[in-house]
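What follows is one structure encoded as structure tokens, with my remarks underneath.
Everything numeric in this text was worked out from a predicted model, so none of it was measured.
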Amino acid sequence: MIGKLYIQKLKSICISLVTIALIANFYSCSNRIESPVANDDQTIQHLPKNEKEINAVITFCSKVNKNYDRPVNADTKFIISENENVYAIIDLINRENFLNKLLMFHLEWIGPGGKDIYRKRVDLLNDDSTYILQSSISIPPDKRQPGNYSLRIYLFRELIAEKNFKLLNKEEANSIANYNLMNKKFNLEIILCKKISKKTDQPIGVDSVFTIKKGARVTVAISFNPDTSIFRGEFEFNLNWIGPDGESFYTKQFGILSDEFPATLKSSISISSAKKTSGKYKVQLFYGDWIIGESKFELVQN
């Protein structure tokens, strides 16, 4: 019995020493590109300099399929309730390149104001073939407040991915449901193109991929054709152009009177090589604080 305990303790010490050595190696030189990138599902990735290194994609959900470790009801907004949780499924990219190496992860849940909620360490040993990490927090009213939250994933204490989510009280959730209903009734159509014809007012070069070159532009046309019997007064909208880093680089405001429906909003940006870089972009239409329309596109080099 004493012999077994001694072996277990020795094994634990060895793992700790190896981990310390690996951490020291990682700290000696950053393995990540300086500027983070937001992917299509809103995970903010701190990409590795070597494309074969470990990366991660985060998915939040209210339930997990235990047979397949896959998310159920994936979302980034959750209602604060008793006996409910927010689950995180972390898919490890390029895991197959490190199946025979020790990996140390830290999962850090952050609350409003940057306050730490919960931290979890996960060690994947040499004989561990895990490709998916999981973590969760409970969201009862006596423990959580409405606001913005996030989860950060560290590999050997170096940040590799993070993602934001929001907790809502029931009043806010009802408000969102009402907005979602209104969004459908606005009857939006979003078209991305190279330009709008001055003669016919029709889009030219409709696409989702545009080439960066001198004099080139991307134009968005957003058509509204709502049920005017339920709309009265003036409606204000904000159109945001979002870059590959997930940040807005141009915003345009619109105001439409109800008797002007149906109507079309138009906006365009230059994509000359001096002003834009290749990557994935999107336009988002806001009514108040809520996104009611979105369209994604990509810029590529000539």
Is there a donor-acceptor contact under 3.5 Å linking the side chains of [X] and [Y]?
| X | Y | value |
| --- | --- | --- |
| Trp241 | Ser267 | yes |
| Ser268 | Arg217 | yes |
| Asn85 | Ser136 | no |
| His46 | Glu158 | no |

Between atom [atom1] of [X] and atom [atom2] of [Y], what is the distance when rounded to the nearest 0.5 Å?
| X | Y | atom1 | atom2 | value |
| --- | --- | --- | --- | --- |
| Ile242 | Tyr281 | CD1 | OH | 11.5 Å |
| Leu285 | Ser295 | CG | OG | 11.5 Å |
| Asp127 | Leu99 | CG | CG | 11.0 Å |
| Ile58 | Ile153 | CD1 | CD1 | 4.5 Å |
| Asn238 | Phe254 | CG | CZ | 9.0 Å |
| Leu124 | Leu102 | CG | CG | 8.0 Å |

Minimum heavy-atom distance [X]-[Y], with the two atoms named:
| X | Y | answer |
| --- | --- | --- |
| Gly215 | Ser272 | N-CB, 4.2 Å |
| Leu103 | Phe156 | CA-CZ, 3.7 Å |
| Ala221 | Ile196 | CB-CD1, 4.2 Å |
| Ile212 | Thr277 | CD1-C, 3.5 Å |
| Lys163 | Thr59 | NZ-CA, 4.2 Å |
| Thr264 | Ser223 | OG1-OG, 3.3 Å |

Transitively linked via ILVMFWY side-chain contacts under 4.5 Å: [X] with [Y]?
| X | Y | answer |
| --- | --- | --- |
| Leu155 | Ile44 | no |
| Tyr250 | Val283 | yes |
| Phe224 | Leu192 | yes |
| Ile93 | Leu159 | no |
| Leu92 | Val122 | yes |

Neighbour count >12 (heavy atoms, 6.0 Å) for atom NZ, Lys194 = no
key: Heavy atoms of other groups near Glu96 CD, more than 12 under 6.0 Å   = yes
What I'd like to find out is whether the side chain of [X] reaches to under 4.5 Å of the side chain of [Y], using heavy atoms alone.
| X | Y | result |
| --- | --- | --- |
| Phe297 | Val209 | no |
| Phe249 | Ile269 | yes |
| Thr211 | Leu299 | no |
| Asn100 | Asn126 | no |
| Pro141 | Glu82 | yes |
| His106 | Lys120 | no |
| Arg144 | Ile137 | yes |
| Ile191 | Pro203 | yes |

In terms of side-chain geometry, is the basic nitrogen of [X] or [Y] positioned less than 4.0 Å from the acidic oxygen of its partner?
| X | Y | result |
| --- | --- | --- |
| Arg152 | Asp116 | no |
| Glu108 | Arg119 | yes |
| Lys166 | Asp75 | no |

inquiry  = Run the side-chain contact (heavy atoms from CB on, under 4.5 Å) test on Arg70 and Ile89 for me, step by step, so that the C-alpha distance in whole Å, both residues' side-chain angles and the decisive distance to 0.1 Å come before the verdict.
reply    = CA-CA 7 Å; Arg70 301 314 301 158; Ile89 304 295; 3.7 Å; yes
request  = Show the numbers, then the answer: is there a side-chain contact (heavy atoms from CB on, under 4.5 Å) between Val220 and Ile190?
outcome  = CA-CA 7 Å; Val220 64; Ile190 303 177; 3.7 Å; yes
Quick check: does any side chain N or O of [X] sit under 3.5 Å from a backbone N or O of [Y], one acting as donor and the other as acceptor?
| X | Y | result |
| --- | --- | --- |
| Glu172 | Asn169 | yes |
| Glu162 | Thr43 | no |
| Asn94 | Glu53 | yes |
| Thr130 | Asp128 | no |
| Ser138 | Pro140 | no |
| Thr200 | Gln202 | yes |

message = For Phe105, run the side-chain contact (heavy atoms from CB on, under 4.5 Å) check against Ile90, Ile160, Asp123 and tell me which one passes.
response = Ile160
request  = Would you kindly check if the NZ (Lys) or CZ (Arg) of Lys252 is within the cone defined by 45 degrees around the ring axis of Phe237 and under 6.0 Å from the six-membered ring centre?
outcome  = no
query = Can you check side-chain contact (heavy atoms from CB on, under 4.5 Å) on Ile117 and Tyr149, steps first, answer last?
reply = CA-CA 10 Å; Ile117 296 176; Tyr149 292 71; 3.4 Å; yes
ask   = What do the steps show when you test Tyr118 against Leu107 for side-chain contact (heavy atoms from CB on, under 4.5 Å), and what is the final call?
value = CA-CA 8 Å; Tyr118 172 57; Leu107 284 53; over 6 Å; no
ask   = What is the ring orientation for Trp109 with Phe60, classed by angle as parallel under 30°, tilted 30 to 60°, or perpendicular over 60°?
value = tilted
task = Go through Asp245 and Lys280 one step at a time and tell me if the salt bridge (charged side-chain N to carboxylate O under 4.0 Å, His left out) criterion holds.
result = CA-CA 9 Å; Asp245 60 355; Lys280 295 181 179 180; over 6 Å; no
